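Submitted below is the structure of interest, expressed as structure tokens.
No experiment lies behind these values; they were computed from the predicted model shown. Throughout, protein chains are lettered first and strands after them, A, B, ... in sequence-line order, and every chain is numbered starting at 1. Computed from heavy atoms alone, side chains included, the values below leave out hydrogens, waters and symmetry copies.
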2 protein chains.
Amino acid sequence: MSESKIKNMAEFASVSGISRPTISKYFNDPTSVRATIRTRIEAALEEHDYRPNIYAMNQNRRLTKNIGIVVPYLSDPFFAEIARNIEQRCIAAGFWPTLFSSHGSRELECNILDSLRSLKPAGVLFAPLGRASDRSVIEKFCKDVPTVLFDSDLEGIGAAFVGSDNYSFVAQSVEYLVRSGAPPSFFEMRTPANPNANKRRKAYISIMERLGFEPDVIKVDGEGWAFEDIGYRGAMHVLSQDTLASDTLLCSNDRLAIGFLAAAFEKGIRVGREPDSALRVAAHDDHPFSRFTCPSLTTVAHDYEAVSNRSVETLFELIEGGGRLTSRTEKLFEARLILRASA
Amino acid sequence: MSESKIKNMAEFASVSGISRPTISKYFNDPTSVRATIRTRIEAALEEHDYRPNIYAMNQNRRLTKNIGIVVPYLSDPFFAEIARNIEQRCIAAGFWPTLFSSHGSRELECNILDSLRSLKPAGVLFAPLGRASDRSVIEKFCKDVPTVLFDSDLEGIGAAFVGSDNYSFVAQSVEYLVRSGAPPSFFEMRTPANPNANKRRKAYISIMERLGFEPDVIKVDGEGWAFEDIGYRGAMHVLSQDTLASDTLLCSNDRLAIGFLAAAFEKGIRVGREPDSALRVAAHDDHPFSRFTCPSLTTVAHDYEAVSNRSVETLFELIEGGGRLTSRTEKLFEARLILRASA
DNA sequence: AAAAAAACTTAACGCGCGTCAATATTTAAT
DNA sequence: ATTAAATATTGACGCGCGTTAAGTTTTTTT
């Protein structure tokens, strides 16, 4: 490796003996130059470790190689995991992903979209807050920037949506709970942050009715994204009243269930599918921690891989299509029951 | 709001009636222009919503306003939380933070530093992987880019280190456990990913010896960052052998304890500080989920706020000092015992 | 009110790279 | 070997903004 520091593309062109426009072409797409040239460039690269200035590169390029990834709440390991997945795929495809979290705040979500605009990204993968989102801001953003929504849908907004089929989640859980014991009550937040929660409630009601049972929805108070705490408090309240309609509870999501199980444990209520248990508890999402609840949580899993994979693929199609798809597609993946000890 | 789209600073200068160099000054530091001028610019900004092109801005600036934040494992809510804290502070100070996670991989960590170089950041806040880190790569990076290490120290590398005092963690936990019951055995991974783990073990041994007790370290197998799973498997192994030297266990960190408690529950072993409990378990970190373990986990908390606050402040000093501090400082914050039900 | 200091304007250059037109060279096809 | 097609080179311009120098206006000081 030579000691001389190369400071721009012209210099690198001269030391490598190749013209600057060709070097420029190479960095935009190595396969666009002849193999002999490519190997010469790569040899020179080994020698002199030059890297183009990304700011100058992006300045006039019609499209940067940036991709924005926005999740509503990164402290939730579920989103951290899905973001990781997406990030890796973008890197593999030669893009520069940048990760943002709205941290549950509407204002922050808007600010992120604002920042994202100046990044002039090729595309954005966006999991909105949901109910708390500022629809009009997001709608405007999606008109200007190629955006694929994932996890949580805002109807009609964005070029496409990729997520999990909430009906499938609830069908799996309710049908299992019914055939292995009593039909479940549904445990959720009174004002869910996320549209998925509403879809799950509706699915619960419709499936229960189809099976000939009376739906029973338990709504607990609490705002924001501290779901475990809301589940815990709600469960403490519900369990102390002893007015449960069923000995089987289906929580809208795992994080509520984590709080619920903590409360049940504290109250000395045995949860599980053994005969001596007082309660069965199941939920949805297959949160990374649900293996380690006490008892371990019976839940329904997202197809993580499929969702992140498809989101990224859809965005790439969108980018290649110049920012437009023929029509807004909505892809929902089936869920998978994970049998553990809690129900 | 006017309809005309303004595409560069010169145009904005002409519509606002202020010269371009002054506009440029304003965007670099709004307080650097006279108040009358500032209000006129801001009025024009309301009218025309112009935003400078960040790529052109960063191209020749001696220093960008970018700050890199690198954590070893973002799916761990502990790091997600601390990253959030740091991110907010950087934004408040007018910087552009960008978040990266090494996802436990040495290779990725190196790639991130590589990407970070081309971002030409004003500074970097970096929590290294620890044992898995490529010391020489990081050392070289820190020579080129103003970097403050946090959470996990690599001795002599970076301009400063900010973290928690591992001795303080263990002092709090061991002293509490001793005065409220039996002296604890120490439960940890055989090959810890993180230097903090080694410091905690050493602290444990020294404190036990100081108090006149025989240290007992239980090492369990497992590689990587799936700590809960490692704790679970380790506990299943240890608990089935029934060779525990003490009825009190101190886990190196909360994530191991989360796995441990799941195993104990599964084995029907009662954990807690009531007389009828078979085992007491405590740990360190005050992980966001430790409130919801069964039983809730007695642990020792980081001073999150202080660590993130001080890290950011130190980086700002470093940046203002032109990338050099008089000497490498190491600031360790005290920990705080959190009494819950498990011990 | 005059002088000094501070802040502004005008004009112009440079940064590093994308991109284009005209020309030269290499490769593939006949 | 000749011709056509594909790819490189040369030279030049532009992008949007940072920055500087010289001159002008505004504000502060005395």
Side-chain angles (χ1 to χ4, degrees), chain A residues 4-45 48-66 94 96 115 117-122, chain B residues 4-45 48-66 94-96 117-122:
Chain A
S4 57
K5 299 288 170 195
I6 284 165
K7 47 176 216 299
N8 59 36
M9 197 177 272
E11 248 184 53
F12 179 71
S14 78
V15 301
S16 64
I18 291 172
S19 72
R20 196 173 70 71
T22 303
I23 305 276
S24 175
K25 262 189 89 181
Y26 169 84
F27 279 110
N28 282 317
D29 176 8
T31 67
S32 69
V33 302
R34 265 201 312 258
T36 54
I37 298 279
R38 184 158 68 244
T39 51
R40 282 173 57 199
I41 293 178
E42 274 154 9
L45 235 33
H48 299 91
D49 102 296
Y50 156 77
R51 322 195 58 177
N53 179 313
I54 55 165
Y55 299 110
M57 281 183 76
N58 284 329
Q59 170 157 0
N60 300 312
R61 240 220 280 259
R62 51 175 61 207
L63 231 50
T64 69
K65 282 284 191 177
N66 296 325
W96 263 70
S115 302
R117 249 181 231 279
S118 13
L119 267 183
K120 302 186 192 306
Chain B
S4 58
K5 300 285 170 197
I6 285 165
K7 45 176 219 300
N8 59 35
M9 198 177 272
E11 249 183 52
F12 179 70
S14 78
V15 301
S16 64
I18 291 175
S19 72
R20 195 173 69 72
T22 304
I23 305 276
S24 175
K25 262 188 90 183
Y26 169 85
F27 279 110
N28 281 318
D29 176 8
T31 68
S32 70
V33 301
R34 267 201 310 259
T36 54
I37 298 277
R38 184 158 68 243
T39 52
R40 282 172 57 197
I41 294 178
E42 274 154 9
L45 236 32
H48 300 92
D49 101 297
Y50 155 78
R51 322 194 60 178
N53 179 312
I54 54 166
Y55 299 110
M57 279 183 79
N58 284 330
Q59 171 158 5
N60 300 310
R61 241 220 283 255
R62 51 175 58 206
L63 231 52
T64 69
K65 281 285 191 176
N66 296 325
F95 286 90
W96 263 72
R117 249 182 231 278
S118 11
L119 267 183
K120 302 187 193 304

Contacts of type ring-ring contact (aromatic ring centres under 6.0 Å, His included), residue Phe27(A), not counting sequence neighbours: Tyr50(A)
Between CZ of Arg61(A) and P of dT19(C) the distance, given in whole Å, is 8 Å
Nearest 0.5 angstrom please: Ile18(A) CD1 to Tyr26(A) OH, how far? 10.0 Å
Residues in residues 50-59 of chain A with a heavy atom under 4.0 Å of DNA chain D, by number, are Gln59(A)
How many Å lie between CG on Asn8(B) and P on dG18(D), as a whole number? 12 Å
To the nearest angstrom, the CD-C1' distance between Glu11(A) and dG16(C) comes to 12 Å
Looking only at heavy atoms, the pair that brings Arg40(B) and Gly17(B) closest together is NH2-O, 3.1 Å
Rounded to the nearest 0.5 Å, what's the gap from NZ on Lys25(A) to CZ on Arg38(A)? Could you check? 11.5 Å
Has Asn28(B) got a side-chain N or O lying under 4.0 Å from the OP1 or OP2 atom of dG18(D)? yes
Tell me: NZ of Lys5(B) to P of dG16(D), nearest whole Å? 16 Å
Footprint string (nucleotides 4-14 of chain C, 5' to 3'): B base within contact, S backbone only, - free, heavy atoms under 4.0 Å: ---SSBBBB-B
When Leu119(A) is tested against each of Thr64(A), Asn58(A), Asn66(A) for side chain to side chain contact (heavy atoms under 4.5 Å, CB included), which residue passes? Asn66(A)
In this structure, how many angstroms lie between the P atom of dC17(D) and the CD1 atom of Ile6(B), rounded? 11 Å
Give, for atom CG of Asn8(A) and atom OG of Ser14(A), the distance between the pair rounded to the nearest 0.5 Å. 8.5 Å
What's the CZ-P distance between Phe27(B) and dT19(D), to the nearest Å? 15 Å
Heavy-atom closest pair (Glu11(B) atom, Lys5(B) atom, distance to 0.1 Å) is OE1-O, 3.7 Å
What's the shortest heavy-atom distance between Ala13(B) and Ser19(B), and which atoms? CB-C, 4.1 Å
